[in-house]
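Just so it is clear, the model here is predicted, and its values are computed rather than measured.
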Amino acid sequence: MADRMKDKVVLVTGAGSSGPGWGNGKAAAALYAREGASVFAVDYRLEAAQETQKVIEGEGGRCTAFRADVSNGDDVQRMVEACVQAYGRVDVLHNNVGIVETGGPVETSEESWNRVIAVNQTSVFLTCKHVIPHMLARKQGAIVNIASIAALRWIGFPYLAYSAAKAAMVAMTSNTAVQYAADGIRANCVLPGLMNTPLIREPLSKSYGGDVDSMIEQRDRISPTGKMGDAWDTAYAALFLASDEARYITGTTLVVDGGLTARCA
């Protein structure tokens with residue numbers, strides 16, 4: 001299909017990739033643009049957002065790159081205002097920002113806990129706080145939050161703060177969905193499983209002894225399919241939930257994990 005997002009304005013946070021290749025946010029931004037959307041690509045690193053913009057514009061799409069710290073309320077307000085100024089509205093809010101830091105309740109420092117909660121959880125509160133009023137004015141909109149199966153279960157290593165933040169994101173999504181259902185605003189979550197994206201290489205490889213190839217091999221083996229998913233698997237799930245094809249779907253979670261959470265052990 002084509003033009004599933006024609007004439008839509010999509011604001012994507014975490015739209016840059018954390019390293020070479022396709023991260024979840026970069027892939028989602030590119031896919032939205034390929035389906036006809038105007039994309040407002042936000043990242044903490046402007047150069048990362050600009051790389052996504054370059055890809056989209058190189059394919060003939062429309063994209064504006066913007067730098068923001070989405071854990072900061074003032075930055076988020078400026079971000080939303082800039083998107084509205086550039087494109088007139090926000091039809092879809094795609095929350096993709098996320099960081100991973102390992103550690104259980106003993107190993108995790110207060111600084112690490114606060115940082116992970118701020119980036120993964122508080123950012124969703126802030127973006128919704130500033131975007132929803134614009135959606136309410138038009139009585140329509142879709143919010144897609146990228147959480148993780150770490151919100152549901154242990155996935156191999158202690159990710160206390162990360163798991164807590166992603167579980168909170170699921171709860172925040174369902175609360176938001178019900179509150180604004182009668183106002184034409186939908187909110188849903190995508191829960192990726194073990195994904196082979198640039199984000200996993202630096203922070204997670206340390207948990208596997210620092211050997212990236214060994215880490216990929218082990219994570220492939222854990223998946224019932226014998227192979228991790230990638231950024232495009234997450235992006236296509238998000239595209240569906242953001243599109244009008246999902247017009248009667250709200251407050252739900254779409255698990256994209258190759259069957260991992262369906263397996264008992």
Could you go through Glu57 and Gln53, starting from their C-alpha distance and side-chain angles, then the distance that decides it, and tell me whether this counts as side-chain hydrogen bond (donor to acceptor under 3.5 Å, both in side chains)?
CA-CA 6 Å; Glu57 292 181 343; Gln53 179 185 25; 3.2 Å; yes
Inter- and intrachain pairs under side chain to side chain donor-acceptor pair (under 3.5 Å), touching residues 222-231, at least two apart
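Output for this query lists Ser223-Thr225.
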Within residues 119-136 or reaching into it, pairs that qualify as side chain to side chain donor-acceptor pair (under 3.5 Å) - sequence neighbours excluded:
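Counting only pairs at least two positions apart or across chains, the side chain to side chain donor-acceptor pair (under 3.5 Å) contacts touching residues 119-136 are Asn95-Thr127.
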Closest heavy-atom contact between [X] and [Y]?
X: Cys128; Y: Pro133; value: O-CD, 4.1 Å
X: Val42; Y: Ala68; value: CG1-CB, 3.8 Å
X: Cys63; Y: Ala41; value: SG-CB, 3.7 Å
X: Leu160; Y: Gly104; value: CD2-C, 3.9 Å
X: Val12; Y: Gly25; value: CG1-O, 3.9 Å
X: Met195; Y: Val256; value: CE-O, 3.1 Å

Trace of the side-chain contact (heavy atoms from CB on, under 4.5 Å) decision for Val92 with Val9:
CA-CA 6 Å; Val92 177; Val9 175; over 6 Å; no
Would you check if the side chain of [X] reaches a backbone N or O of [Y] as a donor-acceptor pair within less than 3.5 Å?
X: Thr173; Y: Ala187; value: no
X: Arg89; Y: Met135; value: no
X: Thr52; Y: Ala15; value: yes
X: Asp43; Y: Ala49; value: no
X: Arg219; Y: Ser214; value: no
X: Ser112; Y: Ser109; value: no
X: Asn96; Y: Gly14; value: yes
X: Arg186; Y: Ile249; value: yes
X: Ser174; Y: Ala171; value: yes
X: Ser163; Y: Tyr159; value: yes

Is there a side-chain contact between [X] and [Y] (heavy atoms, below 4.5 Å)?
X: Ser148; Y: Leu191; value: no
X: Leu241; Y: Val190; value: yes
X: Tyr162; Y: Glu101; value: no
X: Leu93; Y: Val144; value: no
X: Lys166; Y: Ile149; value: no
X: Lys26; Y: Val55; value: yes
X: Glu47; Y: Glu51; value: no
X: Asp257; Y: Leu194; value: no

Steps toward side-chain contact (heavy atoms from CB on, under 4.5 Å) verdict (Val90, Val84)
CA-CA 7 Å; Val90 181; Val84 172; 4.2 Å; yes
Over 12 non-hydrogen atoms of neighbours within 6.0 angstrom of CZ in Arg62
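Open.
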Does atom OH (Tyr44) have a neighbourhood of more than 12 heavy atoms from anything else shown, all under 6.0 Å?
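Open: at most 12 neighbouring heavy atoms sit under 6.0 Å from OH of Tyr44.
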Lys/Arg-Asp/Glu bridge criterion (N-O < 4.0 Å) met for [X], [Y]:
X: Asp244; Y: Arg4; answer: no
X: Glu35; Y: Lys6; answer: no
X: Arg115; Y: Glu111; answer: no

Stepwise side-chain contact (heavy atoms from CB on, under 4.5 Å) test for Asn188 and Thr253:
CA-CA 6 Å; Asn188 293 290; Thr253 56; over 6 Å; no
Identify whether [X] and [Y] are in the same connected component of the hydrophobic contact network (ILVMFWY, side-chain heavy atoms under 4.5 Å).
X: Val70; Y: Leu46; value: no
X: Val39; Y: Phe240; value: yes
X: Val10; Y: Val76; value: no
X: Leu254; Y: Ile185; value: no

Sequence neighbours excluded, which residues qualify as salt bridge (Lys or Arg N to Asp or Glu O under 4.0 Å) partners of Asp7?
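Per chain and number, Asp7 pairs via salt bridge (Lys or Arg N to Asp or Glu O under 4.0 Å) with no residue.
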Suppose we screen for salt bridge (Lys or Arg N to Asp or Glu O under 4.0 Å). Which residues come up paired with Arg247, at least two apart in sequence or across chains?
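Partners of Arg247 by the salt bridge (Lys or Arg N to Asp or Glu O under 4.0 Å) criterion come out as none, since no residue qualifies.
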Angle class for the Tyr87/Phe40 ring planes (parallel below 30°, perpendicular above 60°, tilted otherwise)?
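The arrangement is perpendicular - the two ring planes meet at more than 60°.
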Residues two or more places apart in sequence or in another chain: which of them pass ring-ring contact (aromatic ring centres under 6.0 Å, His included) with Trp232?
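With sequence neighbours excluded, Trp232 shows a ring-ring contact (aromatic ring centres under 6.0 Å, His included) to Trp22, given in chain and number order.
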According to ring-ring contact (aromatic ring centres under 6.0 Å, His included), who are the partners of Tyr180, at least two apart in sequence or on a separate chain?
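For Tyr180, no residue satisfies ring-ring contact (aromatic ring centres under 6.0 Å, His included) once neighbours in sequence are set aside.
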Intermediate values then yes/no, side-chain contact (heavy atoms from CB on, under 4.5 Å), Lys8 and Ser38:
CA-CA 6 Å; Lys8 301 281 190 182; Ser38 297; over 6 Å; no
